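To start, the structure itself, in structure tokens.
Naming: A, B, ... by sequence-line order, numbering from 1 per chain. Since the model is a prediction, treat every value here as computed from it, not as a measurement.
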Amino acid sequence: MTNLEIAWVFREIADLLELAEDNPFKVRAYRKAAKAVFHLSREVAELWREGSLLEVPGIGKNLAAKVEELLQTGQCSFLERLKETVPPGLRDILTIPGIGAKSVRTIHQVLGITTLSELELAAKDKKIRHLPGMGSKTELAILRGIDMLKSHQGAALLGIALPLAEQVVGDLRVLPEVERAEITGSVRRSKEMVGDVDILVASSQPAVVMQVFAKHPQVKEVLAQGTDRTRAITWLGLQLDLLVVPPGSFGSAWHHRTGSSQHNRRLQERAQGMGLKLNERGLFSKEDGEGLPVGGEEDIYQRLGLAFVPPELREDRGELEAAANGELPHLVSMADIRGDLHMHTNWSDGVNTLPEMVEAARRRGYEYIAVTDHSRSLSIANGLSLERLVEQRGVINRLNENMEDFRVLAGVEVDILADGRLDYPDEVLELMDLVIASVHTGFRMDGERMTARVEQAVKNPHVDILAHPTGRILGRRNAYEIDLERIMELAASTGTWLEINASPDRLDLDDMHVRTAKDMGIPIAINTDAHDVVRLAEMRYGVLTGRRGWLEKGDVVNTWSLEEVMRRMR
DNA sequence: GCCGTTTTCGGCCCGACTGTTTTCAGTCG
């Protein structure tokens with residue numbers, strides 16, 4: 001059982017305890033432990049074998065016993081018992097923004113509602129507004145929230161799906177019967193959220209491959225099985241599809257299943273125009289039905305007179321025209337990244353110390369980072385007072401004195417207050433090496449006010465980067481209302497950079513907005529916003545989103561040398 | 001439920017915003 005799965009069990013327990021109105025500090029203890037396990041850089045199973053579980057902060061005797069039970073049996077009897085007293089469907093209701101445990105309890109106790117669909121009916125029947133403490137706005141928030149949840153029902157974050165796919169593919173590759181195993185589908189195209197995980201294997205012995213696949217530790221249950229394919233569900237509830245093809249047809253099958261369907265359709269049309277037929281099994285002459293040899297995906301594009309289209313671009317957004325005209329972008333890659341300009345330390349709400357973050361960044365091969373802790377008004381995140389900001393700056397200066405091949409920029413993530421002012425005065429911002437501005441409060445402002453608010457921040461000459469420009473949290477919170485076109489026009493004229501926040505639950509800007517920004521000539525900083533050393537690795541998701549937005553190396557601020565970053569800063 | 005001690009209990013992050021109220025409770029970050 002992985003750290004992720006253990007963390008999920010703890011989170012589920014926390015939610016159910018909260019719904020049962022148990023001791024709030026107990027609830028917090030479970031949440032804290034879930035977070036600790038999630039952010040752990042080592043496998044919990046390994047710590048358990050060593051007998052050092054209790055050394056993890058937040059895990060005591062009780063939770064250590066639950067971890068042990070989970071590792072040994074795959075189950076937690078405490079959770080199972082809890083589910084009998086608290087309807088698990090209430091957890092779904094808890095995910096609606098603006099609806100907390102108290103409201104869920106009222107809804108459950110008064111109306112007997114236990115599922116999202118029952119709640120939706122009640123809200124449409126205007127039954128919610130008559131509950132104590134609720135009104136028509138709550139009812140509307142519920143309907144909106146349910147709409148949002150429905151729109152990505154059963155979908156998983158790329159940050160969950162990609163590591164899972166990589167693990168399964170890696171485990172299949174070691175089998176002697178497997179010639180090749182690859183990720184396909186939307187995961188390979190690096191979509192921010194995916195409905196399922198598709199895996200393709202080249203083998204002449206599908207039965208053996210399918211048998212091993214069905215017993216994979218990530219697989220909870222096999223849903224369906226054919227002669228060459230298996231559909232399974234993972235412990236995290238993700239659908240996992242395996243297809244086994246003969247080695248000779250791997251290339252065309254890989255291409256076909258990578259999609260997208262619109263991209264494939266456009267390719268098929270192009271093939272038809274050339275007297276050819278393209279399908280899952282390969283490329284054929286329409287006249288005599290004779291197959292043309294397809295070794296790899298490259299052959300398909302080449303036969304159709306196109307440059308190879310990277311998977312991230314296969315969305316029918318003009319990539320075929322670009323491929324025909326030799327105008328495909330040379331996409332940015334992880335190897336181009338030289339630094340990370342947004343991260344937190346335990347000076348504010350980060351987990352690790354400043355030297356630990358520096359050391360981790362150096363191990364990643366970076367040449368520079370910016371340390372950007374929260375500003376003073378964000379008290380819950382332990383935002384830095386003016387005194388502590390100055391103090392931290394001194395610590396960073398001393399760190400830099402002892403390093404020759406690495407530079408720490410003294411930055412700050414300054415809050416954009418509700419009225420558009422920044423959380424520190426200009427004379428303070430002026431002293432910083434790098435200033436990131438972002439919104440953390442007052443999300444439910446109308447579009448006009450929010451746009452004006454952010455515009456005011458972008459206009460401030462000390463602000464270098466606008467971070468997570470829409471504030472969305474995938475699957476949990478929609479973007480706030482903001483006119484991004486207007487923000488981008490302003491950013492283009494002021495020379496303010498925009499961020500791709502690489503955290504897999506943000507990916508903000510998204511691929512489409514990134515492309516717009518690129519077309520407007522706005523440099524993009526791909527930042528992790530890491531709160532611990534492990535999450536510095538999330539850079540890859542930001543880079544993948546950048547690739548989906550057609551970004552090239554030169555478009556990305558943190559592929560530049562430190563000298564260039566400093567030179568082009570406002 | 002964890003943690004740390006003034007060691008076996010008592011404390012555990014807090015302020016702003018929203019919608020419901022008519023002075024405040026619930027939610028969120």
Point to revise | Integer angstrom distance from the P of dA25(B) to that of dT20(B) | key: 16 Å

Review point. Within the pair T138(A) and dT20(B), is there a side-chain N or O less than 4.0 Å away from OP1 or OP2?
Key: yes

Practice item. Tell me what R477(A) touches on the nucleic acid: a base, only sugar-phosphate, or nothing, going by heavy atoms under 4.0 Å. Key: sugar-phosphate

**Study point:** Rounded interatomic separation in angstrom, taking CZ from R376(A) and P from dC14(B)
**Key:** 19 Å

Review point. When you match K66(A) and R476(A) each to their closest nucleotide on DNA chain B, which lands nearer the 5' end?
Key: K66(A)

Check your understanding: P atom, dG4(B) versus dC13(B): distance in rounded Å?
Key -> 13 Å

**Study point:** Residue list, ring-ring contact (aromatic ring centres under 6.0 Å, His included) with H440(A), at least two apart or on another chain
**Key:** H374(A), H468(A)

Review point. How would you label the contact of P24(A) with the nucleic acid (heavy atoms, under 4.0 Å): base, sugar-phosphate, or nothing?
Key: nothing

Review point. R548(A) side chain to D510(A) main-chain N or O, any donor-acceptor pair under 3.5 Å?
Key: no

Check your understanding: Is the count of non-hydrogen atoms from other residues, nucleotides or ligands lying under 6.0 Å from R129(A) atom CZ greater than 12?
Key -> yes

**Study point:** Stepwise salt bridge (charged side-chain N to carboxylate O under 4.0 Å, His left out) check, D415(A) with R376(A)
**Key:** CA-CA 8 Å; D415(A) 253 63; R376(A) 56 187 174 182; over 6 Å; no

Check your understanding: Quick check: does any side chain N or O of N352(A) sit under 3.5 Å from a backbone N or O of M357(A), one acting as donor and the other as acceptor?
Key -> no

**Study point:** E448(A) backbone acceptor or donor facing D446(A) side chain under 3.5 Å
**Key:** yes

Practice item. Mark yes when over 12 heavy atoms from residues, nucleotides or ligands other than R477(A) sit less than 6.0 Å from its CZ; otherwise mark no. Key: yes

Exercise for review: To the nearest Å, give me how far apart CG (N23(A)) and C1' (dC9(B)) are.
Suggested key: 14 Å

Exercise for review: Check every strand shown and say whether S136(A) touches a base, only sugar-phosphate, or nothing at a heavy-atom separation below 4.0 Å.
Suggested key: sugar-phosphate

Review point. At under 4.0 Å between heavy atoms, what does L54(A) touch on the DNA or RNA strands: base, sugar-phosphate, or nothing?
Key: nothing

Review point. Judged by atom type as modelled, is there a donor-acceptor pair below 3.5 Å linking the side chain of R472(A) to the main-chain atoms of L507(A)?
Key: yes

Check your understanding: Can you list, by residue number, the residues of residues 26-36 of chain A that have a non-hydrogen atom closer than 4.0 angstrom to DNA chain B?
Key -> K26(A), R28(A), A29(A), Y30(A)

Review point. Distance between the C1' atoms of dG11(B) and dC17(B), in whole angstroms?
Key: 28 Å

**Study point:** Shortest side-chain distance from N62(A), nucleotide among dT18(B), dG15(B), dC2(B)
**Key:** dC2(B)

Exercise for review: Specify the separation, in whole Å, of atom NZ of K137(A) and atom C1' of dG19(B).
Suggested key: 7 Å

Review point. Taking atom C1' in both dG15(B) and dT5(B), what distance in whole Å separates the two?
Key: 29 Å

Point to revise | Rounded interatomic separation in angstrom, taking NE2 from H374(A) and P from dC14(B) | key: 17 Å

Review point. When we call it a touch if two heavy atoms are under 4.0 Å apart, what does S377(A) touch: a base, just sugar-phosphate, or nothing?
Key: nothing

Practice item. Could you give the distance separating dC9(B) and dC14(B) at their P atoms, to the nearest angstrom? Key: 26 Å

Point to revise | Rounded distance in Å between the P positions of dT22(B) and dA16(B) | key: 24 Å

Exercise for review: Scan every strand shown for a Watson-Crick or G-U wobble partner of dG10(B), both distances under 3.5 Å, and answer none if you come up empty.
Suggested key: dC3(B)

Check your understanding: Nearest-Å distance, CD1 (I13(A)) to C1' (dC2(B))?
Key -> 15 Å

Practice item. Mind checking L378(A) for me? I need base, sugar-phosphate or nothing, with any heavy atom below 4.0 Å counting as a touch. Key: nothing

Practice item. For dG1(B) versus dT7(B), give the span between their P atoms, rounded off to a whole number of Å. Key: 25 Å

Study note, to complete from the structure: Here the gap from D92(A) atom CG to T115(A) atom OG1, rounded to the nearest 0.5 Å, amounts to 8.5 Å

Check your understanding: What is the distance from CG of N382(A) to P of dC13(B), rounded to the nearest Å?
Key -> 11 Å

Practice item. Scan T441(A) against the nucleic acid and name what it touches under 4.0 Å (heavy atoms): base, sugar-phosphate only, or nothing. Key: nothing

Practice item. Just call it for A381(A): base, sugar-phosphate, or nothing, with non-hydrogen atoms closer than 4.0 Å on any strand. Key: nothing

Check your understanding: Where each residue is assigned the nucleotide of DNA chain B containing its nearest heavy atom, which of I99(A) and A418(A) is assigned the position nearer the 5′ end?
Key -> A418(A)

**Study point:** Atom-pair distance (CH2 on W347(A); P on dC13(B)), nearest Å
**Key:** 20 Å

Exercise for review: Could you state the atom-to-atom distance from CG of D22(A) to C1' of dC2(B) in whole Å?
Suggested key: 14 Å

Review point. Which one, dC17(B), dC13(B), dG1(B), comes nearest to the side chain of I380(A)?
Key: dC13(B)

